[in-house]
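Notes to accompany the following structure.
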Amino acid sequence: MQTTPLVITSILNFAEAAHPRVEIVSRTVEGRIQRYDYAGLAARTRRLARALQALGVKSGDRVASLAWNTHRHLELFYAVPGLRAVLNTVNPRLFDDQILYVLEHAQSGVLFYDRSFQPVVERLADRMTTVKTFVLMADEDSHDPGTVSALNYEALVGAESDAAFAWPVIDENAGAFLCYTSGTTGDPKGVLYSHRAVVLHGMAAGLSSAFGLTAFDVVMPCSSLYHATAWGLPFICPINGCKMVLPAEKMDGASLQELMSNEGVTFSGGVPTIWTMYLAHLAQTGGSVGSLKRIIIGGSAVPRAMAQTFKTKHGVQVLQIWGMTETCPLGVVATPTPALAAGGEDHVDEVIWTRQGRLQFGIELKIVQDDGTEAPRDGETSGALMVRGPWTIQRYYRKDADAADAEGWFDTGDIATLDADGFMRITDRAKDVIKTGGEWISSIDLENIAVACPGVKIAAVFGVPHPKWEERPLLVIEPHEGAAVTKDAVLAFLEPRIVKWWTPDDVLFDAVPLTATGKIDKKVLREKYRGHLAG
């Protein structure tokens, strides 16, 4: 049989040939609506590739993006890997030092950025040592680079009048995307996705056991393009001939409802916080979900009340997804099976809403107990969740040691169960990280900063349930004897040292319980303050 390499440009070529007139609709940061199709995407991507070559981008170079879900960002997803270079999608929700670290660690030489992130770029530009070329992703008539000497995206693409371009031959194992973890314990870690991994992931994620997309679907990715390639939807959609709708940065309930209804969106996905705002808008306005039929929710567990509201009030099916930056990111998807259906509709809902998902072809899972033995698949016995497969990490970028063991198993850091039907349920986290709106906050980093505040003896940070953000941090302070420490003083100390969304929702003063080994006993604190933010 032939050994045609699995490369990202093959997806673009296929979409242009098989679905040339299928529409792509994008909001822009400037606020207008951009419409074209897969044929138009392919033509502009080839022009962009020529422009990148003119900028000196070569095979293996890293090109960075600080951008929202727009057609321009989508074009970078194909043009950069198509040149055998690597697209480094930087998470703008990291704080400045982490953004700088990611750019420097990746050694990115070109930075594309939306106007929304111009203040960030201006703050950091003088500290960047590897970025030599800046490109503002904006309309030509709105180009105002401020203090940074930046080229204009549309001018670059427009200067390449010839849309013909022969994509170079690419090794399917070459790097295509460089995505960084959120840096929950120390600096962010880079995960280099290969062409092969991305294509296989895109093919598998569209299967009926996973997202189940067809050419009749209209898909709006509300998962960020900068976050593990928006769960692979930029590739899953063209493979299946789906119309794409890109919302830019407008993820509030009103904006989503308007765009979804206008464009006939049938399928979407995002973290729970987005859907909390969306449902609140519908409840306040009496608005309709339009053509929406299914949504996938990942990043943190789906609140049962949310799933029930979507189903009973709006007829929308909610599916959970679990994955990681280290798995491209699809791991499992909670889709029903005939065995579940035999138990009735309530049984299906119970399983789908309480499990993160079921085994998918291409990804293997196992649960390992403390004694090193594999746990039985009984849905009750928990242990360390291990994963392996063709789109699972082998080692972190620029690290010598493998992240996976000798047999390819990667320890996810989660504690979970598996049942006889292949459904996986996360029961705990091995690390004390806090998930808020689908993003991670490092409790250790926050504690290390807070304990430096004058008068603080011990600082404990932990997550508790929150009605909007799913989980938010609380900070408990045990002061030194005789020290006068106030909430306002602690928050003022933290403000210039952390990104705003890391700010604890409350600062409490209490004796901090310790374990027998002298560690902070966060289990006691979580239980004591579990309902503190419930109102």
Side-chain angles (χ1 to χ4, degrees), residues 197 200-201 203-212 228 231-232 269 272 294 296-304 307 317-394 402-431 433 435 523:
L200 287 173
H201 177 277
M203 294 169 68
L207 295 174
S208 60
S209 63
F211 297 170
W231 303 348
R294 291 176 299 145
I296 50 171
I297 300 179
S300 56
V302 178
R304 189 182 185 93
Q317 181 185 20
V318 171
L319 308 174
Q320 291 201 71
I321 179 179
W322 171 88
M324 317 172 68
T325 302
E326 289 88 343
T327 60
C328 256
L330 178 65
V332 298
V333 187
T335 50
T337 65
L340 287 187
E345 186 176 355
D346 289 345
H347 178 64
V348 171
D349 290 343
E350 173 65 24
V351 173
I352 295 301
W353 295 345
T354 59
R355 272 56 162 190
Q356 275 60 53
R358 64 182 173 101
L359 289 169
Q360 301 293 312
F361 177 74
I363 286 288
E364 296 178 76
L365 302 178
K366 71 174 180 179
I367 308 297
V368 177
Q369 300 177 93
D370 289 342
D371 61 4
T373 61
E374 185 172 352
R377 300 192 172 194
D378 57 9
E380 299 294 334
T381 307
S382 64
L385 176 62
M386 313 289 285
V387 59
R388 71 178 177 186
W391 55 84
T392 300
I393 190 171
Q394 180 65 31
D402 283 354
D405 66 20
E407 295 180 338
W409 290 104
F410 173 73
D411 187 344
T412 67
D414 285 317
I415 307 301
T417 66
L418 268 178
D419 67 22
D421 294 318
F423 280 87
M424 185 269 286
R425 179 171 62 91
I426 302 289
T427 60
D428 203 351
R429 298 191 187 111
K431 300 175 183 177
V433 292
K435 255 184 178 176
K523 296 189 299 296

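Evaluation of the side chain to side chain donor-acceptor pair (under 3.5 Å) rule for W231 yields no partner, not counting sequence neighbours. Under the rule for a side chain to side chain donor-acceptor pair (under 3.5 Å), T325 has no partner lying at least two apart in sequence or in another chain. Take L359 and apply the side-chain contact (heavy atoms from CB on, under 4.5 Å) test, not counting sequence neighbours, and it matches L365, R377. In this structure D402 satisfies the salt bridge (charged side-chain N to carboxylate O under 4.0 Å, His left out) test together with R395, sequence neighbours excluded. Under the side-chain contact (heavy atoms from CB on, under 4.5 Å) criterion, Q317 pairs with R294, L319, P336, not counting sequence neighbours. E345 pairs by the salt bridge (charged side-chain N to carboxylate O under 4.0 Å, His left out) definition with K311, not counting sequence neighbours. Listed by chain and number, the residues in a side chain to side chain donor-acceptor pair (under 3.5 Å) with E380 amount to none (sequence neighbours excluded). The side-chain contact (heavy atoms from CB on, under 4.5 Å) check on M324 picks up W322, E326, T327, F410, T412, with sequence neighbours excluded. Residues passing the side chain to side chain donor-acceptor pair (under 3.5 Å) test with T337: none are found, sequence neighbours excluded. Here T354 pairs with R304, E350 under the side-chain contact (heavy atoms from CB on, under 4.5 Å) rule; sequence neighbours left out.
Between the OG atom in S382 and the CG atom in D414 there is a gap of 12.0 Å [rounded to 0.5 Å]. We find the CD1-CG distance between I426 and L385 to be 5.5 Å, quoted to the nearest 0.5 Å. Here the NE2 atom belonging to H201 is positioned 6.5 Å from the CH2 atom belonging to W391, to the nearest 0.5 angstrom. From R425, atom CZ reaches atom OG1 of T417 across 4.5 Å, with rounding to the nearest 0.5 Å.
Nearest heavy-atom pair across P390 and L200 is CB-CD1, 3.9 Å. Residues H347 and L340 come closest through the heavy atom pair CD2-O, 3.4 Å. For the residue pair D411 and A384, the shortest heavy atom distance occurs at OD1-CB, 4.3 Å. Residues A210 and A205 share a closest heavy-atom pair of CB-O, 3.2 Å. In terms of heavy atoms, Q360 sits closest to S209 at OE1-OG, 2.8 Å. Heavy atoms only, all atoms of each residue included: G298 and P272 are closest at O-CD, 3.3 Å.
You'll find the side chain of I367 stays beyond 4.5 Å of the side chain of M386, heavy atoms only. With contacts defined as side-chain heavy-atom distances shorter than 4.5 Å, the pair I321/I297 does not qualify. No side-chain heavy atom of Q320 sits less than 4.5 Å from a side-chain heavy atom of V333.
Looking at T381, its side chain never comes within 3.5 Å of a backbone N or O of P376 through a donor-acceptor pair.
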*asked:* If you apply the rule side chain to side chain contact (heavy atoms under 4.5 Å, CB included), what do you find for F423 with I352, and how did you get there?
replied: CA-CA 9 Å; F423 280 87; I352 295 301; 4.2 Å; yes
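Among pairs with a residue in residues 357-373, those fulfilling salt bridge (Lys or Arg N to Asp or Glu O under 4.0 Å) read E364-R388, at least two apart in sequence or across chains.
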